[in-house]
There are 2 protein chains.
Amino acid sequence: MTSSGLNIITTLRQMILTGELQAGERLAEIPIAERLHVSRTPIRIAFRALEQEGLLTKLPRRGYEVRSVSAIDIEGAIEVRGVLEGLAARQAAENGLSQQQVDEMKMLLTTGDLLFADAVFTEADVESYHHMNQRFHQLIIEAAKNPAIQAALTRNAHMPFASVNALAIDKNNMQQEAKRFAFAHQQHHHVFHAISAQQGARAEGIMREHAHATLGFDRNYHKLEQRGALTIFSQPL
Amino acid sequence: MTSSGLNIITTLRQMILTGELQAGERLAEIPIAERLHVSRTPIRIAFRALEQEGLLTKLPRRGYEVRSVSAIDIEGAIEVRGVLEGLAARQAAENGLSQQQVDEMKMLLTTGDLLFADAVFTEADVESYHHMNQRFHQLIIEAAKNPAIQAALTRNAHMPFASVNALAIDKNNMQQEAKRFAFAHQQHHHVFHAISAQQGARAEGIMREHAHATLGFDRNYHKLEQRGALTIFSQPL
DNA sequence: CTTCCTTAAATTGGATCCAATAATCAACTT
DNA sequence: AAGTTGATTATTGGATCCAATTTAAGGAAG
């Protein structure tokens, strides 16, 4: 009885995203199969799926390796997410929000506001913000009613985040980071306002810019990464 | 010795795209395996891959089915492609084209021009245009130097085209169709001009609009489809 | 000491076998 | 006659086996 209640693809994806399997690490079927106490069959399927997701790169006759991405790759993926979520925001504005969606968004925005009401911003707050933020973005994508957006995003979502692991924050400088988060959250308010007012073009523009808030703020995240103090969201702020 | 020189995923993808496997058709592993003279293993891998590509939908305990998409899905996917290729055009403009890329694009544009120089526009011309067009778009994506764009597009490329098969043209009305193609080709010229002039925003705008040329021109393609006179490109015009 | 050739190990790809589970159909009971 | 229950079938998921191929290593010869 293997311990995993969930399927192998999910397990492996988590192992990559959490950094348990490091970027550049070479993966062969048999060792991984033994490590997860399953046979090669599900591993083979998982490797191919993860390759399509962009988390693994196939090496001709040497298995797969965890994809490592450059800063350029990350910036490129952020641009892509920007235009996709921008499109989502515009279509959401065009479609209009349901009352239920409006209510939930207001609730999420208030939740975020409260995080910045306190004087201090802790790592626990980052976690809370992350959950709130994730749901907020998901709501807009749902409101766009365009399944192709979600499809394109899933392909991209994890892509840039295989090499680094977790939140794009400098844990040693939380005061500074709090300002970044607060700014990003202001953009949430503006996006919500634009969508509510059916201002599609404006909503799109804000959302595109908002994508850069993920980590484009200052470009020194490479240094942070090397210091091990960096963590990167697999979802935009 | 299996006959297929190419891999199973490609084979199945072609069968779906050409309509040999029809939209809504239910696919079980064993029958398909026998039909392609391979074992279940490669079929299982292929089904999952094709599911991720968006060509197949999984049915809980009943196998897979060829995804059928609605007109709304198609329009949504066109919007997505619009923003992605728009981004590509903008980044291409920002990066600038190499001399080699300029030369090839000019060559492609000339090739297209010649197709419309004749009085008549034949189905063979459509085929020629298709090849030229595909290369033109690919060149812009390459020039963008953003691998995330290509990744997001592959996920989307086939999505809307599982239900219909081939070219988005009304074969019974080639004169009219020729005008559509000619217009789309003019947009190619404009995009090329904007990119060459490093006008990123303009290049992006034209490209976004150009996506609609794929079939958004007149919205009666549903009727055409029902008449069996419709065919849809798996690449934009 | 270096280089080339031969051989063994590693590794993937495909085929088949076995188990688990859900769907379908038929029979039996009320 | 209809509904329910049980059995059979269909179908997927995982494990193991076999073949093909490539890489790596080691030994022999120059």
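Numbered from 1 within each chain, the chains take letters A, B, ... in sequence-line order. Heavy atoms only: backbone and side chains are in, while hydrogens, waters and symmetry mates are out. The shown structure was predicted, so the numbers you read here are calculated from the model rather than taken from an experiment.
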To the nearest 0.5 angstrom, please state how far the CG atom of A/L12 sits from the CG atom of A/L56.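 Output value for this atom pair is 7.5 Å.
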Output the distance between atom OG1 (A/T111) and atom NZ (A/K106), rounded to the nearest 0.5 Å.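 It comes to 14.0 Å.
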Do [X] and [Y] come within less than 4.5 Å of each other through their side chains, counting heavy atoms only?
{"X": "A/I16", "Y": "A/R67", "result": "no"}
{"X": "A/Y64", "Y": "A/R48", "result": "yes"}
{"X": "A/L97", "Y": "A/F192", "result": "yes"}

So B/H210 and B/H188, would you call those rings parallel, tilted or perpendicular, with 30° and 60° as cut-offs? perpendicular
Could you give the [atom1]-to-[atom2] distance, from [X] to [N], as a whole number of Å?
{"X": "A/E34", "N": "D/dG14", "atom1": "CD", "atom2": "P", "result": "17 Å"}
{"X": "A/I30", "N": "D/dT16", "atom1": "CD1", "atom2": "P", "result": "12 Å"}
{"X": "B/I8", "N": "C/dG13", "atom1": "CD1", "atom2": "P", "result": "13 Å"}
{"X": "A/L59", "N": "C/dA10", "atom1": "CG", "atom2": "P", "result": "18 Å"}
{"X": "B/I32", "N": "D/dT11", "atom1": "CD1", "atom2": "P", "result": "11 Å"}
{"X": "A/K58", "N": "D/dT22", "atom1": "NZ", "atom2": "P", "result": "13 Å"}
{"X": "A/E29", "N": "C/dA10", "atom1": "CD", "atom2": "C1'", "result": "12 Å"}

Under-4.0 Å salt bridge between A/R40 and A/E29: yes
I'd like to know if A/E142 and A/R135 make a salt bridge, using a cut-off of under 4.0 Å between side-chain N and carboxylate O. yes
Of the listed D/dG13, C/dA15, C/dT12, the closest approach to the A/R48 side chain comes from C/dT12
Listed in order of residue number, which residues of residues 39-46 of chain A have a non-hydrogen atom at under 4.0 Å from DNA chain C? A/R40, A/R44
Along nucleotides 21-26 of chain C, 5' to 3', which nucleotides get a B, which get an S, and which get a -, given that the test is a protein heavy-atom distance under 4.0 Å? BS----
Main chain of A/T122, side chain of A/D125: is a donor-acceptor contact present, judged purely on distance under 3.5 Å? yes
